[in-house]
Amino acid sequence: MNILGISCYFHDAAAALLQDGRLVAAAEEERFSRIKHDFGFPERAIRFCLARANVSGPDLDYVAFFEKPFIKFERILQTALATVPRSQTVFRKAMTAWMLDKLWVKNRIRDALGIDASRILFAEHHESHAASAFFCSPFDDAAILTVDGVGESATATSGQGHGTSLRLDSEIRFPHSLGLLYSAFTAFLGFEVNEGEYKVMGMAPYGVPRYQDKVWKLVEVGDDGAFALNLDYFSFHYSAERTYTSRFEDLFGPPRRPETPFFTDGSGYPSYFGPRPANYATLAADNQHYADIAASIQVVTEEILLRMVRHACTRAQTTKLCMAGGVALNSVANGRILRETPVTDLYVQPAAGDSGAALGAALFVQHQVLAQPRSFVMEHAYWGADLDQDDIRATATRSGLRHVTCGDESELIDRTVDLLTNGGVIGWAQGEFEWGPRALGHRSIIADPRRADMKDIVNTKIKFREPYRPFAPSVIEERAAEFFDLVGGSHQYPARFMLLVTPVLEQSKSRIPAVTHVDGSARLQTVVQSTNPQYHALIRAFGDASGTPVILNTSFNLRGEPIVNTPAEAFSTFARSEMDALVLDRTIIYKNSK
Ligand SMILES: [Fe+2]
């Protein structure tokens, strides 16, 4: 049985293919189209999934779409009508977009894949999110919590999963949305909505949550986590341009100018920003104010989530929890869930946002609709396209640079460890690319985390990433407890998928300064030998050479670009940066000719 899941037309379009209930391929469209957060119909991702399984459109038993467009359209119409005349512009824009293609997605799928319309099924947005978490998890029974910006009309749901079925029995509806509350602050802090949320999370540790009382004026929450926004402060429900109102600005002051360099006394002034400005102190104080706001919205978001989690687990009478939706990517909140709630086992799959709902829709059809038994647990994130060997050879030859193809894995690892211990910054591409927004050692930039100056070196070499973007430690799972305070154990899946922030142990902070964030935390990746043997071997060998089985890992892309896919794209990124070496499978290309 072949079931293709599709998500698109909002942000992060994707496709995922199940064969007899097991995932065989999944990818976001941006990796192929090279348009960051590409939300268009994911034809390239679909083509990849089908080719990977060697099937064509008519071979598909079902295509599952991640939401119900007509219900969503109805919500948009109702909201627009309720907020006339303020909503005129947003209404006009929505009508155009929906009439042009969003409503006709069934026809688009039928034409693209050549299958009968009766085999195209639609799951609700939050059902897709819920299925993407629960049916990928190893749990037979679990509480389920989905939290995002908005789907059709739900913005958060909770319920439980049991075997091949799940039930969502409570929901919060638009415009009351935790995701949109966070996004309003994302916009206020000068970042792009649906893109800059992780930057708010990264900025928060530089601040003190001194404005919590003000944030609590915007949102009310009950003990059960049910919340309501005070709509006087928001305009996202009737404006296409602004997400918050002038009352919001009365409370928090003027918004931060987009693209303003971020630094505080805590972060210091990175060398790659150039010479220190004459008004450094004023700018640092300004940034501190915004960091304090970021810290405040982050803490309030965590508090609301913690209440929702406690309530969901109490109702489902379990300590196992599956989470999905964009807010489940908040790895700081995930850390607190494991530390401060009764949850003993947390499952979040790597593409917890809307792209992952493509997979969720397919799983929903497989289990909830067709009641097929479960035979799949998502143990790793490597469901994308592999590296093409001809492309590697051609890229190495065309580079005109010194390159070597290693005879075996141990030579590759020896040479790479040598580069790392000598301070090299390396583009590392291996096997299938990752599903979801995190680079997990298949399309990563790696370096030595023991050097405090490595943050600045990497930032400089890969073109000026902002200081609030922390670098992650990849650690072999069996040594994780030596460095990180992992309540709940190193086996937690969010740690495997870099979706968990934990404290770095006091005695280990000085061992890995380049991956320890300003507040002493780290967004770690535990690397498991069985699912990622080569990356595991590399980190272990680096540990043998240095005493520290941890590697600095950041995504293999330049600022504003999607993570690389092919060898040619990896080389292009390598060539436009000052990375020292590029590893493509077993071939190493050196920038320096010596
Ligand atoms: Fe969503």
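In what follows, residues are counted from 1 in the order of the sequence shown. Ligands are counted one by one from 1 in listed order, and the atoms in each one are counted from 1 as well.
- Note that Lys72 lies in the cation-pi zone of Phe10, set by a 6.0 Å cut-off to the ring centre and a 45° limit from the axis.
- Because its NZ or CZ atom is both nearer than 6.0 Å to the ring centre of Tyr244 and within 45° of the ring axis, Arg242 counts as a cation-pi partner of that residue.
- Within Asp354, the N, O or S atom at minimum distance from the Fe ion (ligand 1) carries the name OD1.
- Within Asp148, the N/O/S atom positioned nearest the Fe ion (ligand 1) carries the name OD2.
- Between Pro342 and Arg310 the shortest side-chain heavy-atom distance falls below 4.5 Å.
- Side-chain contact check for Ile46 versus Ile6: some heavy-atom pair is nearer than 4.5 Å.
- At a threshold of 2.8 Å, the Fe ion (ligand 1) has a backbone or side-chain N, O or S atom of His125 nearer than that distance.
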